[in-house]
**Q** 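Below are the structure tokens for one structure; questions will follow.
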Number of protein chains: 2
Amino acid sequence: MQKAHHPELGEIALTEVMAALSDPIRVGLVRVLADGRERGWGQLRAPVAKSTLSHHLRVLRDAGLTRTRQEGTRCYVTLRGDDLQARFPGLLQVVLSAMEIDDVGSQVGLRDGADP
Amino acid sequence: MQKAHHPELGEIALTEVMAALSDPIRVGLVRVLADGRERGWGQLRAPVAKSTLSHHLRVLRDAGLTRTRQEGTRCYVTLRGDDLQARFPGLLQVVLSAMEIDDVGSQVGLRDGADP
DNA sequence: TTCGATGTTCGTGAAACGTCGAACAAGCTA
DNA sequence: TAGCTTGTTCGACGTTTCACGAACATCGAA
């Protein structure tokens, strides 16, 4: 497996962030990660094949929205909340609110048994 | 010419707004309209063919970001600032700030001779 | 009525996207 | 070592997007 590439703070581009947030599955993933807690790949539940889920997580990572940490054979994902706040102040907050208003991405969740 | 379709307030979808803002030309158009003033189609200057510009304006309109008014054979475009504020409070404001931080869409402007 | 200006629509092509299943790589575990 | 688990990568497929020029429709002006 390749070492995942994460853009640095200054490399995070607005249009890529927007593009990443233009898909309901990815919005759902962001929503699940919104509490700031790190989640295991396997905890994430989305109505797509695992290869597709892998693709979406890659788009989020490449856009700078999430960070992926590998530990042995498993991966853990976090939202880059602080970095986003530093780069585009207020953006994440407002988008998270908008997600709930529009109820986008509710098809994505956590596997049963995950912490609330 | 077909009468342009504008989504109503409640029909404005977050993912479509995000998709609309994932292209630098469209971001530039929003930026030009950010002062809230109505602009004539012909005042807008972007480095694409006019059919392509028409396409981008349509995407913005369909997403609910702009409103197009027709008068005779000319069109006038405005940003739906109030509607957006009502639907997704704070979003437009924050995105406009982000646009300047990242300097996206600066290739789009107004034709010489337009009001500042 | 004829002409010119203004946008939209159409046809086309190249590129990107979302999706899947299959194959693969890397690390635990028995 | 052999096998299992975990996630990524690889083609393939159909859809959507962006881009252009050409053709079109509509209205104002001459």
Side-chain angles (χ1 to χ4, degrees), chain A residues 1-6 13 15-30 38-63 65-78 104-105 107-108 110-111 114, chain B residues 1-6 13 15-29 38-63 65-78 104-105 107-108 110-111 113-114:
Chain A
M1 294 185 199
Q2 287 284 92
K3 168 164 43 177
H5 169 252
H6 295 85
T15 50
E16 283 192 39
V17 171
M18 293 311 201
L21 294 174
S22 68
D23 181 283
I25 299 277
R26 290 194 293 262
V27 169
L29 290 168
V30 169
E38 185 173 65
R39 297 294 182 179
W41 208 105
Q43 270 182 69
L44 304 171
R45 182 180 50 71
V48 290
K50 67 174 184 173
S51 55
T52 305
L53 180 56
S54 181
H55 162 68
H56 284 308
L57 286 170
R58 178 195 229 286
V59 172
L60 288 173
R61 180 168 18 87
D62 287 352
L65 282 164
T66 59
R67 190 180 297 283
T68 296
R69 179 174 67 84
Q70 192 150 1
E71 189 172 304
T73 169
R74 347 206 139 189
C75 293
Y76 296 89
V77 190
T78 40
V104 202
Q107 32 183 342
V108 178
L110 290 171
R111 191 180 306 239
Chain B
M1 292 188 200
Q2 286 283 92
K3 168 165 45 178
H5 169 252
H6 295 85
T15 50
E16 283 191 40
V17 171
M18 293 311 201
L21 294 174
S22 68
D23 181 284
I25 300 275
R26 290 193 294 260
V27 168
L29 291 168
E38 184 173 65
R39 297 295 183 179
W41 207 104
Q43 270 182 66
L44 304 171
R45 182 180 52 71
V48 290
K50 67 174 183 173
S51 55
T52 305
L53 180 56
S54 180
H55 160 70
H56 284 306
L57 286 170
R58 177 195 229 285
V59 172
L60 287 172
R61 178 168 20 87
D62 287 352
L65 282 164
T66 59
R67 191 179 297 282
T68 296
R69 180 174 66 85
Q70 192 151 359
E71 189 172 304
T73 168
R74 346 208 139 188
C75 293
Y76 297 90
V77 190
T78 40
V104 202
Q107 34 185 335
V108 179
L110 290 171
R111 190 175 305 231

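From a predicted model like this one, the values you see are computed outputs, not experimental measurements. All values below come from the heavy atoms of this structure, side chains included, with hydrogens, waters and symmetry mates left out. Below, chains carry the letters A, B, ... as their sequence lines are ordered, and counting in each starts from 1.
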**Q** So how far is it from A:Met18 CE to B:Thr15 OG1, rounded to the nearest 0.5 Å?
**A** 12.5 Å

**Q** Please round to the nearest 0.5 Å and tell me the distance separating atom CG of A:Leu65 and atom OG1 of A:Thr78.
**A** 11.5 Å

**Q** Just the rounded figure in Å: distance from C1' of C:dG18 to CG of A:Leu21.
**A** 16 Å

**Q** Please table the atom pairs, donor to acceptor, closer than 3.5 Å between any side-chain atom in residues 19-26 of chain B and protein atoms at least two apart or in another chain.
**A**
residue, atom, partner, partner atom, Å
B:Ser22, OG, B:Ala19, O, 2.6
B:Asp23, OD1, B:Ile25, N, 2.8
B:Asp23, OD1, B:Arg26, N, 3.4
B:Arg26, NE, B:Ala20, O, 2.7
B:Arg26, NH1, B:His56, ND1, 3.1
B:Arg26, NH2, B:Ala19, O, 3.3

**Q** More than 12 non-hydrogen atoms from neighbouring residues, nucleotides or ligands closer than 6.0 Å to CZ on A:Arg111, yes or no?
**A** no

**Q** What nucleotide among D:dG7, D:dT5, D:dT9 has an atom nearest to a side-chain atom of A:Arg58?
**A** D:dT9

**Q** Could you state the NZ-P distance from B:Lys50 to C:dT9, rounded to the nearest angstrom?
**A** 13 Å

**Q** So how far is it from B:Arg67 CZ to B:Cys75 SG, rounded to the nearest 0.5 Å?
**A** 14.0 Å

**Q** If you check the A:Thr73 side chain, which of D:dT8, C:dA26, D:dA19 turns out closest?
**A** C:dA26

**Q** Return the value, rounded to whole Å, for the distance between atom CD of B:Glu71 and atom C1' of C:dG7.
**A** 15 Å

**Q** Can you build the contact string for nucleotides 12-18 of chain D? Use B for base contact, S for sugar-phosphate-only contact, and - for no protein heavy atom under 4.0 Å.
**A** ------S

**Q** Without decimals, in angstroms, what is the distance between A:His5 NE2 and D:dT9 P?
**A** 13 Å

**Q** Of the listed nucleotides (D:dT26, C:dT9, C:dT19), which one gets closest to any side-chain atom of B:Ser54?
**A** C:dT9

**Q** For B:Leu57 and C:dT9, what is the distance between atoms CG and P respectively, to the nearest whole Å?
**A** 12 Å

**Q** Pair A:Val59, A:His55 - check side-chain contact (heavy atoms from CB on, under 4.5 Å), show working.
**A** CA-CA 6 Å; A:Val59 172; A:His55 162 68; 3.7 Å; yes

**Q** Would you please confirm or rule out a distance under 4.0 Å between OP1 or OP2 of C:dT8 and any side-chain N or O of B:Trp41?
**A** yes

**Q** Find the distance B:Glu16:CD to C:dC17:C1' and express it as a whole number of Å.
**A** 16 Å

**Q** Is it the case that D:dG21 (base atoms only) and B:Ser51 (side chain only) share a donor and an acceptor within less than 3.5 Å, ignoring hydrogens and angles?
**A** yes

**Q** Pair up each side-chain donor or acceptor in residues 42-53 of chain A with any protein partner under 3.5 Å, not counting sequence neighbours, and list the distances.
**A**
residue, atom, partner, partner atom, Å
A:Gln43, OE1, A:Arg39, NH1, 3.2

**Q** Nearest whole Å is fine: how far is D:dC27 P from B:Arg74 CZ?
**A** 14 Å

**Q** In whole angstrom, give the distance that lies between atom CG of A:Leu53 and atom P of D:dT9.
**A** 13 Å

